[in-house]
Every structure is written in C-alpha cells, then in structure tokens.
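Read the structure below first, then the notes.
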Protein chains: 2
Amino acid sequence: MKRNTEQINYRENTEALAKFAKALGHPTRIAILKHLENQSCCFTGDLVDVFPLAQSTISQHLKELKKVGLIQGELKPPKIKYCINQQNWNIAKTLFQQFFD
Amino acid sequence: MKRNTEQINYRENTEALAKFAKALGHPTRIAILKHLENQSCCFTGDLVDVFPLAQSTISQHLKELKKVGLIQGELKPPKIKYCINQQNWNIAKTLFQQFFD
DNA sequence: ATTTCTTATCGCAAATATGCGATTGGTTTT
DNA sequence: AAAACCAATCGCATATTTGCGATAAGAAAT
C-alpha cells in the first residue's frame, strides 16, 4: 500500500535511478538486454526461441523495458526490431556510475 | 505467477545483477543508501527522522537491503548501526559496470 | 523490578508484478 | 478475399511488494 511514499519528493536522480533499477530487477529482462547488446538488435520472435517463456510473457517484459526507455521498437514489417535506446542507456549508465561512485 | 521463470537457469551473474537491481528498485532504498554513503553509517532512528515513513516501514526497507547484502547492521546497544557492506557493494558495482560496459 | 528506549516482527490491506492462454490487430502472402 | 504470420493486449490466477499500526524483544537507565 503506497500511502506516504507517493508524497515524498525524492531528488530527481533518485527517482530516475530507482525506476531504471526496478526495470532491471528481473533476470529475464537482464538476459534480454544482454542479448540485445550482443545482437545489437533483434525481433520478439527470436527471444521467444531463446527463452522458454510464452510469447505474451516476453512481450510483457519488452513492454516494461520500453516503458523506462531502455529499448525501442522499430517497425520492420512484418516484424518489430528491438534495439537498445542508446541515449537512455547512457543516462542509466551514468546514474549507476554516479551512485556507486 | 512464476511458473517457467523459476526453472530457467540464467547465468549466475544475471541472477545476481537482477537481485541487486531489484533491491535498488525503490526510491526510499536508494535514498537510504545515499544517506549511508554520506554518513558512512547511521542508526535506524536517524532514518525515521529523515523520511516521513513509519518506523516499521523503514525497518522493512533496511531488511531488504540487508537481505541482498548491500548493508550490514552492527549492534551498538541500545541502537543498531547500519553501514554499507563494502565487499558486496563492490561486487554490485562491478556487475553494473560490466553490464553497461 | 520497573520503566524507557530502540528496533524487529506480526498481521492486515491494498497495490503491483508475473505468467499464461486466448484473442485481437496489423501485415504479408497466397 | 482468404489464409498465414507476428506481436500486442485482455482476462485471469497467484505471488510479491509496500505500508501501517500494534506488539514483541532486547538492552539501558531509573
């Protein structure tokens, strides 16, 4: 139950870092991102072959990653090509670096 | 519902990174850690004054951070002094660095 | 011994997250 | 136009997270 936390004004960076961390807080999503780092890009279908998870589940995780901006989908009919969003990736990278100083 | 995910054997580093990320995935916990970085150490009571959250809630968050090893509690009767666990902190730092290469 | 102080834990309620099958929506091919 | 393909979304079940007040547990001070 989020009562008080919602009203707290954390520093902007704190919120942003937590948001990225939350998105990274699941092994499947880490694995997906690692896969994207190697392949530079890939399609949802590829991932369904790599992980023993339902297509809808993979799609869910991709949605989470897209929500925080770590990846982006490019329409490449009839497929969708997912890539790392370098700009936000670098923002996340910097936030983590600063955090661990 | 975790059905298949539990059976997947991700690489060890993937699991570890996700575990740390999950623990960092809440602004209050980020803020607590930032506080510990500045103070080097502090007591639960101090945090209750810093954040407008119930004592039990702070204690919960500290428990999470302790669970993944990012902090440790030292009995300093009648208080408990919390510090960053440098060893695990460095492990986490390295994992994130490698991840973002 | 009793009171006080500090922190952890319990029990509850509500919100989120996770996973799946089934369905839908949009293309492309036939 | 119909069939096939790909990916997102819906609806559901279950698990986990978040937060609080109340209580318990431990030590210190009176």
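Chain letters run A, B, ... following the sequence lines, proteins first and then strands; every chain starts at 1. Side chains are part of it too, since the values below use all heavy atoms of this structure and drop only hydrogens, waters and symmetry mates.
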(request) Could you tell me the separation between the CG atom of A:Leu47 and the P atom of D:dA8, rounded to a whole number of Å? (result) 10 Å
(request) Kindly indicate whether the side chain of B:Lys34, heavy atoms from C-beta on, has any atom under 4.5 Å from the side chain of A:Asn13. (result) yes
(request) Compare side-chain N and O positions of B:Lys22 against OP1 and OP2 of D:dT17 and report whether any pair is under 4.0 Å apart. (result) yes
Using nucleotides 8-11 of chain C, report all nitrogen or oxygen pairs with the protein that are shorter than 3.5 Å.
| residue | atom | partner | partner atom | Å |
| --- | --- | --- | --- | --- |
| C:dA8 | OP1 | B:Tyr82 | OH | 2.2 |
| C:dA8 | OP2 | B:Ser59 | OG | 2.8 |
| C:dA8 | N7 | B:Gln55 | NE2 | 2.9 |
| C:dA8 | N6 | B:Gln55 | OE1 | 3.0 |

(message) Can you confirm whether more than 12 heavy atoms, excluding those of A:Gln86, are under 6.0 Å from its CD atom?
(response) yes
(message) Can you measure A:Lys19 atom NZ to C:dT16 atom C1' for me and round it to whole angstrom units?
(response) 17 Å
(request) For the residue pair A:Lys93 and B:Phe96, establish whether any side-chain heavy-atom pair is separated by less than 4.5 Å. (result) no
(request) To the nearest Å, give me how far apart CG (A:Asp46) and P (D:dC5) are. (result) 16 Å
(request) Using atom types as modelled and distance alone, determine if a side-chain donor or acceptor of A:Arg29 lies under 3.5 Å from a backbone N or O of A:Ala23. (result) yes
(request) Could you tell me if the ring centre of B:Phe20 sits under 6.0 Å from that of B:Trp89? (result) no
(message) Looking at every non-hydrogen atom in both residues, tell me the closest pair between B:Ala16 and B:Leu95 and how far apart they are.
(response) CB-CD1, 3.8 Å
(message) Expressed as a whole number of angstroms, how long is the span from B:Glu74:CD to D:dA27:P?
(response) 16 Å
(request) To the nearest Å, give me how far apart CG (B:Leu53) and C1' (C:dT7) are. (result) 16 Å
(request) Rounded off to whole Å, could you give me the NE2-to-C1' distance for the B:His61 and D:dT16 pair? (result) 14 Å
